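Not measured: the values here are computed from a predicted model.
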Amino acid sequence: PYPYYPTTMASATTPPELTDLEKLLHAFSTITSITSPNDILAAFGLLDLPVAQKYGIVFGCLTFTITVIAVLSLLYLGGSFQRMEEQAKSGELVTAPDSVTQRKRRPLLLERLLEGREWMLQKNYGGQLRTKVETNEEFTNLTKMLMTAAPLDRSSMSKDYEENYIKAYKRCQDKPGGAILGGRPNHRFEAYARAFAGCGSHTTLNYRWSYARMYENMAGKSHESEERFQTLYKERPHDIIGKTCRLEPLLGSRHCKELWEITSGNACNEHKAYNADEVWGFLDCGPFQNVQEMQDSEVFHLDYNAAGFAIVEFVTDRLVGVVHLSQDDPKNLSVQLDLPIVKPSSDGSIEQLEACFLLLDRLFAHGYRRIQICVDALDVRGKRLPQRLGFTQEGQIPKHMIVKEANRDSIIYGMLNSDWDKGARSFLLKKMHGAAFENADKAIVAKEEAAEEEAQQLREKKEAEAKTNTKK
């Protein structure tokens with residue numbers, strides 16, 4: 001029905017297809033045609049921007065180019081590319097060195113400085129700075145002060161110990177800390193009394209109440225625990241008892257062999273072998289080739305103003321490590337707590353934390369005002385412990401010590417008795433044993449304080465009445 005009208009189409013001519021070489025030459029011709037900064041801006045469509053923005057773009061590009069050139073130059077001159085090539089050829093992974101490796105890379109002291117140090121030691125101090133005490137034979141005075149007091153028999157019992165024992169025994173009879181075990185009517189009274197009197201007469205009452213109640217509750221849980229504590233008191237009466245560990249006064253004949261086994265790097269018990277420098281890398285002694293070499297070292301030969309304790313796991317009776325006190329200054333009531341020497345698997349464990357707590361608690365109870373921890377500035381793992389204990393970082397001392405013939409910068413952490421009393425002690429108790437234990441400890445001390453105040457008022461009333469009767 002519609003007429004047919006033929007249509008004419010415009011003939012489209014297709015441009016000839018360019019070869020890859022022609023495309024590349026065309027691209028280069030665009031680059032080579034740039035003769036001014038305006039040509040660059042035109043190529044990116046930025047020619048119409050204000051003049052200030054054009055200059056900003058140009059200077060930004062120049063800065064970026066110079067920075068890249070400088071970084072590449074430093075990498076080349078520093079040998080980074082060469083090291084990467086060597087690592088690629090050897091097949092080793094390119095990783096940042098750990099803290100132990102960094103300590104080993106510290107430059108050694110000049111030989112003349114080492115010779116001068118030896119000369120001064122020989123001339124001024126006869127070869128050693130302080131008199132050493134060998135822990136195979138005797139304990140230092142600081143160790144004896146911190147040990148739990150325990151007389152061998154009635155004849156060797158001091159008057160203060162006897163008075164404290166009787167007072168604590170009667171107090172526990174009035175208000176025992178728990179249920180009495182069948183067939184053992186006096187077990188709680190005896191446990192509380194020997195723990196209370198064992199703290200000594202020069203510690204605070206709050207500390208003695210807290211320590212004695214903890215000891216009593218652990219000993220009075222069951223017949224098995226009561227028997228174990230009785231045996232432990234007979235065999236190890238001077239140990240400081242905690243919930244997860246106990247502190248034994250350090251003895252080379254008792255502790256050296258086991259300490260060497262767990263810190264030598266060899267596989268021991270269920271633990272795999274490891275690098276012994278993880279334990280000894282930041283200390284001035286070790287690693288040791290054998291037990292005798294360790295026993296002859298400063299680990300067991302202490303300065304006269306130091307103390308040493310072995311950390312023993314309470315459940316398994318296995319040695320966890322040792323902890324030392326050094327630089328005791330009773331004149332200024334300060335002392336230094338050294339980082340515990342423990343195997344890597346025990347680093348950061350509850351036993352390590354409680355061992356430090358037991359010493360801190362007893363030291364502050366004796367009247368110390370300040371306790372410090374001195375850590376190598378490169379010891380990453382070592383710096384975690386004072387932070388976990390609640391110590392405050394006080395500063396850094398450059399070139400503080402010479403360790404393994406190299407300079408050591410030290411970071412000093414401190415804990416004051418006021419900080420301990422105002423919350424640091426409660427914080428640690430809660431962290432180790434939970435909020436329930438910490439609240440129970442506070443309640444125990446509060447009850448004992450109230451009972452002591454009531455007893456004091458009663459004594460003052462009786463004294464007043466006696467004076468009145470005498471006058472009459």
Side-chain angles (χ1 to χ4, degrees), residues 128-133 135 138-149 198-204 206-208 211 238-240 242 245-250 282-285 298-311 321-342 352-376 379 382-383 385-397 400-401 408 410-422 424-425 428:
Q128 58 185 15
L129 290 176
R130 298 188 178 105
T131 305
K132 298 287 183 179
V133 175
T135 56
E138 58 178 319
F139 299 121
T140 62
N141 291 331
L142 181 59
T143 304
K144 294 176 183 177
M145 183 192 77
L146 295 174
M147 286 163 41
T148 300
C199 294
S201 300
H202 299 284
T203 56
T204 61
N206 286 2
Y207 170 76
R208 281 181 265 174
Y211 180 81
H238 302 296
D239 293 352
I240 304 174
C245 69
R246 69 177 189 271
L247 298 180
E248 298 182 359
L250 190 62
F282 293 98
L283 300 177
D284 201 20
C285 59
E298 59 192 59
V299 177
F300 290 94
H301 289 254
L302 306 182
D303 292 335
Y304 73 98
N305 61 346
F309 290 89
I311 307 170
V322 298
V323 58
H324 293 97
L325 296 169
S326 60
Q327 300 182 25
D328 179 34
D329 185 6
K331 180 180 179 181
N332 295 303
L333 294 176
S334 66
V335 69
Q336 177 169 300
L337 173 66
D338 296 335
L339 293 178
I341 303 173
V342 297
Q352 182 194 42
L353 200 65
E354 186 170 27
C356 296
F357 171 83
L358 292 173
L359 285 179
L360 291 172
D361 207 18
R362 187 156 290 197
L363 286 167
F364 283 124
H366 272 284
Y368 280 84
R369 301 182 310 146
R370 180 180 178 276
I371 300 173
Q372 76 170 23
I373 297 178
C374 182
V375 184
D376 192 309
D379 190 356
K383 287 186 281 189
L385 181 63
Q387 295 169 359
R388 294 184 69 199
L389 291 171
F391 278 65
T392 302
Q393 182 174 333
E394 298 177 341
Q396 181 167 336
I397 306 176
H400 178 225
M401 299 171 65
R408 164 183 150 168
S410 298
I411 299 178
I412 305 300
Y413 298 86
M415 173 75 76
L416 304 181
N417 55 348
S418 54
D419 298 333
W420 187 254
D421 295 335
K422 289 179 181 178
R425 183 180 186 275
L428 266 181

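- For the pair T143 and P249, the tightest heavy-atom approach, listed with the atom from each and the gap, is CG2-CB, 4.1 Å.
- Atom CG of L358 sits about 5.5 Å away from atom SG of C245, to the nearest 0.5 Å.
- Shown here for R208 and T203, the closest heavy-atom pair between the two residues is NH2-O, 2.9 Å.
- Within the model, atoms CD of Q327 and CG of L142 stand 12.5 Å from one another, a figure rounded to the nearest 0.5 Å.
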Any chance you could lay out the side chain to side chain contact (heavy atoms under 4.5 Å, CB included) test for Y413 and T392, step after step, and finish with the verdict?
CA-CA 5 Å; Y413 298 86; T392 302; over 6 Å; no
Audit row: L283, L339, side chain to side chain contact (heavy atoms under 4.5 Å, CB included) steps and yes/no
CA-CA 10 Å; L283 300 177; L339 293 178; over 6 Å; no
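- In terms of heavy atoms, L337 sits closest to L360 at CD2-CD2, 4.2 Å.
- Of the possible polar contacts, one joining the T140 side chain to the A306 backbone as a donor-acceptor pair under 3.5 Å is found.
- Here H400 contributes atom NE2 and C374 contributes atom SG; the two are 5.0 Å apart, rounded to the nearest 0.5 Å.
- A search for ring-ring contact (aromatic ring centres under 6.0 Å, His included) contacts involving Y368 returns nothing, not counting sequence neighbours.
- Geometric assessment of R362 against the ring of F357 yields a negative cation-pi assignment under the 6.0 Å and 45° thresholds.
- S326 and V335 get closest at one heavy-atom pair: O-CG2, 3.5 Å.
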Yes or no on side chain to side chain contact (heavy atoms under 4.5 Å, CB included) for Q336 and I371, after CA distance, side-chain angles and deciding distance?
CA-CA 6 Å; Q336 177 169 300; I371 300 173; over 6 Å; no
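- Minimum heavy-atom separation, V299 to H324: O-NE2, 2.9 Å.
- Residues forming a salt bridge (charged side-chain N to carboxylate O under 4.0 Å, His left out) with D379 (at least two apart in sequence, or on another chain): none.
- Rounding to the nearest 0.5 Å gives a distance of 8.0 Å between CG of D421 and OG1 of T204.
- Closest approach of N332 and R369 over heavy atoms only: O-NH2, 3.2 Å.
- In this structure F364 satisfies the ring-ring contact (aromatic ring centres under 6.0 Å, His included) test together with W420, sequence neighbours excluded.
- By the salt bridge (charged side-chain N to carboxylate O under 4.0 Å, His left out) test, D419 is found to be paired with no residue, residues two or more places apart in sequence or in another chain being considered.
- Screening residues 322-342 for salt bridge (charged side-chain N to carboxylate O under 4.0 Å, His left out), with sequence neighbours left out, gives no hits.
- Residue I311 forms a side chain to side chain contact (heavy atoms under 4.5 Å, CB included) with just one option from V323, L250, I341, and that option is V323.
- K383 contributes atom NZ, which lies 8.5 Å from atom CG of D376 (distance to the nearest 0.5 angstrom).
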Would you check, one step at a time, whether the test side chain to side chain contact (heavy atoms under 4.5 Å, CB included) holds for Q396 with S410?
CA-CA 6 Å; Q396 181 167 336; S410 298; over 6 Å; no
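- The CG atom of L302 lies 9.5 Å from the CD atom of E298; values are rounded to the nearest 0.5 Å.
- When the salt bridge (charged side-chain N to carboxylate O under 4.0 Å, His left out) test is applied to R370, the partners found at least two apart in sequence or on another chain are E394.
- Counting heavy atoms from C-beta outward, L146 and F309 have side chains that approach closer than 4.5 Å.
- When atom types are taken as modelled, the side chain of H238 and the backbone of T148 share a donor-acceptor pair closer than 3.5 angstrom.
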